[in-house]
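For reference, positions follow the sequence shown, starting with 1.
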Amino acid sequence: MTMMTRPGRPRSADLIVLGAEVALLAVAVAVGVLLNRQGVRLHADAAPIYASWQPHLGPGTPVALLVAALFVWRGTRWGTDTPWPRLLGVGYLASVLWTLSLALVDGWSAGLTERLTVQAEYLHEVPGVTDVGIMLSGFADRILDFQPDSWSTHTAAHPPGALLLFVWLERIGLGGGTAAGLACVLLGATVSVSVPVTLRALGAEDAARAVWPFLVLLPGAVWVGASADGIFAAVVAAGLALLAVGGRPGAALGGSLLGFALYLSYGFVLVGLLALTVVLLRARDRLGVLLVAATAVAAVVAVFTLAGFWWLDGYHLVARRYYQGWAADRPYGYWVWANLAALLLSVGPVVGPALRRAVTAVSIRAPHPPLAVALRRRITGAGPTVWLPVAAMVAVLAADLSGLSKAEVERIWLPFAVWLLVATAHLPAGHRRWWLAAQAATALAVNHLLWTVS
């Protein structure tokens with residue numbers, strides 16, 4: 001399957017979409033400033049980003065600039081010419097370097113070691129977990145706030161799998177903030193491998209190569225290093241890649257990872273839409289892969305349930321805990337649209353024009369053949385570069401409208417943001433360098449103008 005691009009489309013359409021993105025961001029910032037000055041409790045000093053205004057440089061600045069310059073200069077060429085195994089290796093190492101250098105703009109301690117050690121984070125709870133079975137069976141009892149043994153904010157807001165990750169790290173001798181921060185970077189960077197592997201397995205190697213540099217220079221790397229959402233994105237991406245690559249053994253492994261993802265974030269029930277899209281885009285054995293993957297997911301659910309944690313109980317309690325905190329103050333009328341501005345800074349300004357081109361790829365123009373036939377041909381021929389980003393966008397919009405994602409989505413939506421970038425395969429080759437420059441500039445500006453928190 002080859003990429004579906006429309007080089008003849010007017011460039012002005014992309015610029016109009018870019019202008020709309022800039023306007024959305026500008027209005028979100030301006031309204032955020034106004035609401036903060038009026039005393040409205042946004043709980044985000046630099047709304048729509050959960051951060052504070054603090055221009056600064058750091059030891060990671062020169063390296064980040066160098067990585068950005070190299071990939072803007074040669075990234076598209078490397079994506080086209082590099083042999084496949086080497087491409088994945090180079091992409092992973094470059095993604096690690098990009099993510100780590102952005103984290104170190106804030107310094108080693110503040111940007112990495114101490115990022116996950118604050119009271120709200122998972123590491124605060126790790127020393128108290130002496131028995132995993134007891135933790136799982138009693139997890140739901142500690143979700144609600146204002147009781148002596150309430151979980152910390154991030155621990156309570158997620159199913160127990162998120163805490164388990166850091167407990168397991170501690171059990172194998174990788175405890176503490178430095179190891180946890182590096183784990184977020186090293187695992188989070190694997191999305192630069194998993195997403196291209198998925199595309200290639202679905203018959204779109206040219207698209208995988210075109211998307212590759214955009215995954216390396218992901219602006220959301222600002223939050224991958226270091227927040228647990230970087231690991232979450234990696235688990236989801238790996239699970240989807242295994243569904244695409246493997247037969248039924250791959251489906252079993254992929255389903256197990258996606259089942260575990262349900263215990264990393266309640267919002268990952270929406271990953272089911274991406275998983276279904278991957279399975280339907282496979283060339284063969286769709287039903288078999290779907291059944292095996294679903295069985296694997298069910299097995300993971302059964303393990304957690306037998307251990308004493310029922311997912312639905314946790315979800316209902318989290319919805320109550322959510323409104324025991326800042327969510328009760330944060331106005332839905334602002335965040336329901338300002339969230340999308342925050343997403344722009346995480347996925348980058350390329351997302352709007354790229355999605356426009358992806359959607360255009362399935363538009364119906366000619367009256368012949370009949371509309372139903374033409375529509376079917378468009379849908380079946382569009383492939384993963386259309387349907388994966390569309391599925392990711394639908395998931396994001398569902399999360400947004402739910403009211404359970406008010407602020408901090410620049411990191412929370414990372415597992416969906418990387419799949420939105422698949423739409424960049426539709427950009428004309430001659431435009432990609434400029435869009436890469438815009439992506440890198442977005443990440444550098446955010447990390448040097450704001451003091452981001454996880």
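- Residues satisfying the salt bridge (Lys or Arg N to Asp or Glu O under 4.0 Å) test with D81, not counting sequence neighbours, are R77.
- For R200, the salt bridge (Lys or Arg N to Asp or Glu O under 4.0 Å) test picks out E205, with sequence neighbours left out.
- When the shell of 6.0 Å around CZ of R74 is examined, it contains more than 12 heavy atoms from other residues, nucleotides or ligands.
- The environment of W434 atom CH2 is sparse: at most 12 non-hydrogen atoms of other residues, nucleotides or ligands sit within 6.0 angstrom.
- R330 forms a cation-pi arrangement with Y50, by the criterion of a distance under 6.0 Å to the ring centre and an angle within 45° of the ring axis.
- Here the two rings, on Y332 and W335, have centers that are 6.0 Å apart or farther.
- Aromatic pair W311/Y266: ring centres closer than 6.0 Å.
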Inset, instruction - In sequence, state the C-alpha distance, the side-chain angles, and the governing distance for F71 and W98, and then conclude on ring-ring contact (aromatic ring centres under 6.0 Å, His included). - result: CA-CA 10 Å; F71 268 79; W98 173 243; 8.8 Å; no
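- When ring centroids are compared, H158 and Y122 come within the 6.0 Å threshold.
- In this structure, W435 has its ring center at least 6.0 angstrom away from the ring center of F214.
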Show me the donor-acceptor pairs, under 3.5 Å and distance only, between side chains in residues 280-309 and residues at least two apart or in other chains.
{"residue": "R282", "atom": "NE", "partner": "R284", "partner atom": "O", "Å": "3.4"}
{"residue": "R282", "atom": "NH1", "partner": "L243", "partner atom": "O", "Å": "3.0"}
{"residue": "R282", "atom": "NH1", "partner": "A244", "partner atom": "O", "Å": "3.2"}
{"residue": "R282", "atom": "NH1", "partner": "G246", "partner atom": "O", "Å": "2.9"}
{"residue": "R282", "atom": "NH2", "partner": "R284", "partner atom": "O", "Å": "3.4"}
{"residue": "D285", "atom": "OD1", "partner": "R248", "partner atom": "NH2", "Å": "3.1"}
{"residue": "D285", "atom": "OD2", "partner": "R248", "partner atom": "NE", "Å": "3.1"}
{"residue": "R286", "atom": "NE", "partner": "L280", "partner atom": "O", "Å": "2.8"}
{"residue": "R286", "atom": "NE", "partner": "R282", "partner atom": "O", "Å": "2.8"}
{"residue": "R286", "atom": "NH2", "partner": "R282", "partner atom": "O", "Å": "2.9"}
{"residue": "T295", "atom": "OG1", "partner": "L291", "partner atom": "O", "Å": "2.7"}
{"residue": "T305", "atom": "OG1", "partner": "V301", "partner atom": "O", "Å": "2.7"}

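- In this structure, OG on S265 lies 12.0 Å from CH2 on W413, to the nearest 0.5 angstrom.
- Note that the CD atom of E408 and the OG1 atom of T452 stand 11.5 Å from one another [nearest 0.5 Å].
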